[in-house]
Structure formats: C-alpha cells, structure tokens
Visitor: 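Next up is a structure, given as structure tokens.
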Amino acid sequence: MKKTEEVAHDNLAAENYKSEQKIEFDWDAVLEGVKKDLYFPPSWLFSIKVAKIEGKMVTLEAKTHFQALWVKNHYLQLINDAARNLYGKEGFQVTIDAGEENSVARESRKDRVPDNGGIREPHDPQTASFFSSSNTFDNFVVGPSNQFAHAASYAIAENPGMAYNPLFIHSGVGLGKTHLLHSIGNHILKKYGTRLNTFCISAEHFTNGVVQSIKTGSMDKFRNLYRLNCDVLLIDDIQFIAGKDSTQEEFFHTFNSLYTAKKQIVITSDKPPSVMKNFEERLKSRFEWGLTADIQPPEVETKIAIIERKAEEEQIEIPADVASFVAQNVLSNIRELEGSVNKLFAYSKMFRERITLELAKQLLSNLVKKEAPKIITIDLIQKEVSSFFELTVKDLKSNQKQKKVSEPRQIAMFLSRKYTSSSFPEIGNKFGGKNHSTVVHAVKNVEKKIGRDPSVSNAVTALSTTLEKFITS
C-alpha cells in the first residue's frame, strides 16, 4: 500500500489535472487584450466567434472570407500574444478558418464590395482590401527606367507624410505605377498596422462615391471619410476625373484637407500634370507641389530580370536565350511581357515540355511585335549633328569653310560612314555634291582628332549615343 503522503500527493495532482481541464477559453477576455494594441479596432472584429475548441487548439470563425484573411494576416499574432498573457505559454493556440466562404459569408459578400460608391465606415480596414497582396516592393524589379519612382515610393512607405507630398507617378500603360501604389499600401500596413488609415482607391471609385453621395444626400459622410479619417490616400489613374467638374471640386478640397494635415497623398496618372487636359489649373498645380516621378519602358536587361523573377516564382527553368528573345521582341509593356511568359509556362506545365527557343518562337509568334527594323540614315545623322551644333542641315551641305561649320560637317560625314552602308561618293552627294576625296579626308581627319581633341571626341561620343538609342528605342 502507498504511504499516506504519496496518496495525498496523487490526489492533489489529480485535482490539479481536473482543474486544468476545466479551464475554458474566454474569447471576450482575449479580445480585451487585443484592443490594447489596436488604435482603431474595426467593429467587425467583435463579431468573430469561436468555431471549435479541440484540446488547446482554438479555431475562430469570421462572417466573411475577407475578415478571416485579414485576421490571419494582421491580427492573429496579437490574438495569440493576448492568449499567452492570460493562459501562459502552454495555454491555448488560436487559429482562424480562412478557407472557402460559408453560406453566411456569401450572404455578406456586399461587405467586401460596397454598393454605395465606396463609402465605408471610418477606420474600417476593409478599405485596405483594395491592396493587391501580390504587389509588393519585394517583387518589384528595379531598373534604370523605374529606380527613381521606386526609391521615392519606398521612402514614402517608410515615413508617410514626412517627405515627397504629394508623390505623383506617371507612366504609360502596364509599366508598374499601380504595382508601386499597392506596394506603398502593403508596406505601410505591415509597418504601421491600424495606426494609420490607408485608403487605396481608383479615381473611378472616388468618382462613383461622389455620384452616389449626391444621389443619397450623404456628401458629409463621404467627405468625412476621406478628409478626416484618412492618413494615407493612394489614388490610381487620376486622369479618369478629367472633365468631371463635381469630382474635381471634391478632390480639390480633399487634397487641401489632407495636405494641410500633413497626410500622405500618392497619385498615379498616364501623363505628367503639365500636359493633362480638362483639369482645373489649381488642381494641376497642386499635383506638382511635391515630387513628380516617371516610369519609362523597361530596358532589355530589366525585362530579362522580370522574366527570370517570374521563372523563380513558378519554379520553372527558362534558358537565357529564351529570356533574351522574349525581352527583345515583346516591346509594348510589362503586362504583355508577363502574359507572354505565362503562356510559355502554362504550355510547359500542361504538356511537360522543356522550354526552348524554338518553342518560344512558335508560341509567341502572334504576340511578338512585327515592326520594321529602325535604321540610321544620312538624313537622320545630318539632323542630329546640325541640332547638336546649333546649325541647320543647309549649313552642313554648304561650302562654308569656317571651323564652326566645317568641323561639324566632317563629323557628320564620319558618322555617315560609320552607321550607314553608303559609299564615299554617295555620302558626298548627300552633302551638297562633295567629291569622293573630300569625304575620305573628312573621315580620316575626325579619326585622328578623336584621339587628341576632347571636344571632337565628346561630340562624336554624344552623337553616337543618340543615334544608337534610335535603333533600340
């Protein structure tokens, strides 16, 4: 038989075990702990319910798929920290079901896509649902064509409202301005959480909000949302409000309110403010108050980097010659570039076929631009040289002997020999009927000066760069 002390010890252990088993998970208490770390907890957070408890594992359930994802991505760590404070490290582990939407979620789909022109209650993080989680700074490929816009965007995301306000990004279609806009929003959410109310919307969305507010007589609510409850406003494709007087009026006052309160504003457009049509001048001038950054079409090297990045993401091997072929032939924008690459990847996966240059040429024959190759002509050279030296083409073709004319003429002849297949007599004929020996002398004279005359050397280098850009543009 056990000793009395041993029996007592066993009984006490059993009671403690039973006591531990009786501990219930208090979701309301955990929520109270979470509230302390949130400046503006969304009202829907308190509608989250406990779906099931299995041992020490607690599964929560949200009303909508969006809310479940938002909790999973932004609040779950706070929830588990609060639970540990209540129950200790060995206490409950909390998760949330973010799978397919249930019937309640489907009924509540309107919670995610508003039918009131985009008006949402202040501090409701659903406003941030316009961010694309796939558009971040991490997967934005930086090159010479976009590095300035990228650097300015990142600086703003690190310290909203501190510099570059407003930031105005402009570019052609599909070059990455919307990617940067969403990258700013995602970075701010990651760094500041709900401490900053960040709204990322399209100009069309803003316009719809104005129209709906006028129809329903709720303009004050609309104004308060953007002017009083917004810390960062990211607005895409501002050119959409061109010619819309009421929308421009509302945006003008919204801009002023946010700017005065040192709230960050980022705007994208398909063109710079100075050439925007059907916009009030006072609005265009405000667009230029901060920093204007443009994004140019990507260079071949940047396009190759984009292709290789996508290949890494898809875990597909793409040969260097294929990447180079696609980068050099898909000329329009990054969207078409990615579409071409996606077509290659899809075919490779579907038919389990290795990607080759022959396959790429076959699959992308209808996507590759069939443009006539650009060539450098003597007329083009004469135009660029005369512009560079502030002369006229007529001067280059004349018989003037002054150095300010004769030296540029010789440089133009040298470049004509370098970049065209024209013979010496053909070149002479294009320069006012000069004879063969005159052109030969000009070419040899420039060749000698390139090595010892910095002014001639620099002029030839600059003009060569300009002409070569014409070929690759």
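All values below come from the heavy atoms of this structure, side chains included, with hydrogens, waters and symmetry mates left out.
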Visitor: Do Glu250 and Ser246 pair up side chain to side chain, a donor and an acceptor below 3.5 Å, judged on atom types alone?
Guide: no
Visitor: Is it true that Glu288 and Ser285 share a donor-acceptor pair across their side chains at a distance under 3.5 Å?
Guide: no
Visitor: Please test Leu233 against Ile201 for side-chain contact (heavy atoms from CB on, under 4.5 Å), starting from the C-alpha separation and ending with a verdict.
Guide: CA-CA 8 Å; Leu233 177 60; Ile201 60 171; 4.3 Å; yes
Visitor: Over 60° means perpendicular and under 30° means parallel, so tell me whether Trp289 and Tyr259 are parallel, tilted or perpendicular.
Guide: tilted
Visitor: Does any non-hydrogen side-chain atom of Phe240 lie less than 4.5 Å from one of Phe206?
Guide: no
Visitor: Taking the six-membered ring of Phe252 (Phe, Tyr or Trp), confirm whether the NZ or CZ of Arg282 is under 6.0 Å from its centre and within 45° of its axis.
Guide: yes
Visitor: Distance under 6.0 Å and angle within 45° of the ring axis: does Lys284 meet both against Phe279?
Guide: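 Checked: cation-pi criterion not met.
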Visitor: We want to know whether Asp237 and Ser202 form a side-chain donor-acceptor pair, criterion being a heavy-atom distance below 3.5 angstrom.
Guide: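 Checked: Asp237/Ser202 side chains show no N/O donor-acceptor pair below 3.5 Å.
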Visitor: Going through the distances and angles, do Val94 and Val30 end up as a side-chain contact (heavy atoms from CB on, under 4.5 Å)?
Guide: CA-CA 10 Å; Val94 185; Val30 173; 5.8 Å; no
Visitor: For a side-chain contact (heavy atoms from CB on, under 4.5 Å) check, start with the C-alpha distance between Tyr164 and Ser153, then their side-chain angles and the critical distance, and finish with the verdict.
Guide: CA-CA 9 Å; Tyr164 311 142; Ser153 298; over 6 Å; no
Visitor: Would you say Glu317 has more than 12 foreign heavy atoms packed within less than 6.0 Å of its CD?
Guide: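 Count not over threshold, so no.
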Visitor: Can Asp395 and Thr392 be counted as having a side-chain donor-acceptor contact under 3.5 angstrom?
Guide: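 A donor-acceptor contact under 3.5 Å links the two side chains.
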Visitor: Report yes if the side chains of Pro319 and Ile355 come closer than 4.5 Å at any heavy-atom pair, otherwise no.
Guide: yes
Visitor: Under 3.5 Å, is there a donor on one side chain and an acceptor on the other for Gln212 and Asn208?
Guide: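 On atom types as modelled, these side chains do not qualify, holding no pair under 3.5 Å.
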